[in-house]
Amino acid sequence: MTRSELHEIVDSYKKISKYIILRFETHTFDTKETILRNFIAKASSLLNSISLLIKEDQTGEATALYRLLIERYFYVEYLEDSGLYQEFKDWSFVKTFEIRNKMRSQNSYNTKEISDEIKDNEFQIKLYQELKSKKLNWIEPKIEDFSKRIDLKPLYSLGYDLGSSYIHPRADEGFWDALRIAKNEKKSEVTTINLLRNSILISNAILALTTHNSKNFYGNSLQIYCDAIFKMLNGSLQLSNLMDLEANIFSELNFN
């Protein structure tokens, strides 16, 4: 596929993700459904950012975000496998509260606006105290070990682990940036296309998996759409079918 065709799929994915997120809003939320919706939103945001960076030929930064995308995919798999949705939420709340508390403790660096922004209300303080008084049962996954258990070690090695090299400092990490900035030299189109293609693949897998794991039904058309995206990425289905697939989802989910 060409780069422009892949960007067309990204635009479609963003559109469908938005409607699915809106569909989540029509249902009664519980912890699991909220987390699933949040993963869809984050995957869409990351894919959009990767797409924008690739348009600027910033493949290193895009690869770093691709690594974050893979990590989110493994978490979606892990949460469903372990069932620790509430535990994940409790742990996340405590971590976020403590980060804000650390910020609050640095009064000399905080303006009034910042202090007001990071102030917790009575409910948040009480919930934090309650959670800290008991043992949190969240078990953070070891991504490499978990990838082996679900037979996705290559995704870890060739995606997550490789992407980490664009997050941690390396002596030669700015080599291609210097050539791009000073001489407008770019990495090969094959490398760029593969990065965007794989980013779409993982984002699409997150959309398919989260909606499958939801207790709510999001229509047969959505599953057909996700399957079709996979087929387009491997070249077994024409891109021209994309608008028809979108229309089927909107019709089934009663959106105009």
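- In the hydrophobic clustering of ILVMFWY residues, with side-chain heavy atoms under 4.5 Å counting as a link, Leu47 and Met1 come out together.
- Taking both residues in full, the closest heavy atoms of Pro169 and Glu173 are given as CA-OE1, 3.7 Å, listed atom of the first, atom of the second, then distance.
- At least one donor-acceptor pair under 3.5 Å links the side chain of Ser165 to the backbone N or O of Leu162.
- Heavy atoms from other residues, nucleotides or ligands lying under 6.0 Å from NZ of Lys32 number more than 12.
- A distance-only check finds no donor-acceptor pair linking the side chain of Arg72 to the backbone of Lys42 [under 3.5 Å].
- Listed by first and then second residue, the ring-ring contact (aromatic ring centres under 6.0 Å, His included) pairs involving residues 194-225 are Phe24-Tyr218, His27-Tyr218 (not counting sequence neighbours).
- Using bins of under 30°, 30° to 60° and over 60° for the plane-to-plane angle, the ring pair Tyr160/Phe74 lands in the perpendicular bin.
- No hydrogens or angles considered: a donor-acceptor pair under 3.5 Å links the side chains of Tyr73 and Glu77.
- With salt bridges taken as basic N to acidic carboxylate O contacts below 4.0 Å, none links Glu252 and Arg23.
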List, one per line, each side-chain donor-acceptor pair under 3.5 Å for residues 203-210, sequence neighbours excluded.
from, atom 1, to, atom 2, distance (Å)
Ser203, OG, Ser199, O, 2.9
Asn204, ND2, Cys226, O, 2.8
Thr210, OG1, Ile206, O, 2.7
Thr210, OG1, Leu207, O, 3.2

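- For the pair Leu69 and Ile50, the minimum side-chain heavy-atom distance is below 4.5 Å.
- Classification of the Tyr78-Phe146 ring pair by plane angle, with boundaries at 30° and 60°, yields perpendicular.
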(message) Using salt bridge (Lys or Arg N to Asp or Glu O under 4.0 Å), reason through Glu246 and Lys15 one step at a time and then give a plain yes or no.
(response) CA-CA 9 Å; Glu246 292 174 6; Lys15 189 189 307 180; 3.1 Å; yes

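- For Tyr128 and Phe93, the ring centers sit 6.0 Å or farther from each other.
- The existence of a salt bridge linking Arg149 and Asp81 is confirmed by a sub-4.0 Å separation between a basic side-chain nitrogen and an acidic carboxylate oxygen.
- More than 12 heavy atoms of other shown residues, nucleotides or ligands fall within 6.0 angstrom of atom CD in Glu189.
- Under a 3.5 Å cut-off, the side chain of Ser157 and the backbone N or O of Pro154 do not form any donor-acceptor pair.
- Between the side chains of Thr191 and Ser188, at least one donor N or O sits under 3.5 Å from an acceptor N or O.
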(request) Just do the salt bridge (Lys or Arg N to Asp or Glu O under 4.0 Å) check on Glu71 and Arg67 with the steps written out, would you? (result) CA-CA 6 Å; Glu71 185 175 29; Arg67 186 258 198 194; 3.7 Å; yes

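- No salt bridge links Asp57 with Arg180; every basic N to acidic carboxylate O contact stays at or beyond 4.0 Å.
- Ile200 and Ile21 end up in the same hydrophobic cluster when Ile, Leu, Val, Met, Phe, Trp and Tyr side chains are linked at under 4.5 Å.
- Residues Leu245 and Phe230 share a hydrophobic cluster, clusters being chains of Ile/Leu/Val/Met/Phe/Trp/Tyr side chains in contact below 4.5 Å.
- The 12-atom threshold is not exceeded at NZ of Lys89, counting heavy atoms of other residues, nucleotides or ligands nearer than 6.0 Å.
- Ionic pairing of Arg37 and Glu25 is present here: one or more N-O contacts between side-chain nitrogen and carboxylate oxygen are shorter than 4.0 angstrom.
- Other residues, nucleotides and ligands contribute at most 12 non-hydrogen atoms within 6.0 Å of the CD1 atom of Ile139.
- Checked by atom type and distance alone, the side chain of Glu56 never pairs as donor or acceptor with a backbone atom of Leu53 at under 3.5 Å.
- By the criterion of side-chain heavy atoms lying less than 4.5 angstrom apart, applied directly or through intervening Ile, Leu, Val, Met, Phe, Trp or Tyr residues, Leu46 is not grouped with Ile167; the two fall into different hydrophobic clusters.
- A donor-acceptor contact shorter than 3.5 Å links the side chain of Asp30 to the backbone of Glu33.
- Nearest heavy-atom pair across Arg197 and Leu6 is N-CD1, 4.0 Å.
- For Lys55, the NZ atom is densely surrounded, since the number of other residues' heavy atoms within 6.0 Å is greater than 12.
- Between the side chain of Ser105 and the backbone N or O of Lys102 there is at least one donor-acceptor pair closer than 3.5 Å.
- Both the sub-6.0 Å distance and the 45° axial angle are satisfied by Arg104 relative to the ring of Phe97.
- Ring to ring, Phe88 and Tyr75 are close: their centroids are under 6.0 angstrom apart.
- Side-chain N or O atoms of Glu5 include one that pairs as donor or acceptor with a backbone N or O of Thr2 at under 3.5 Å.
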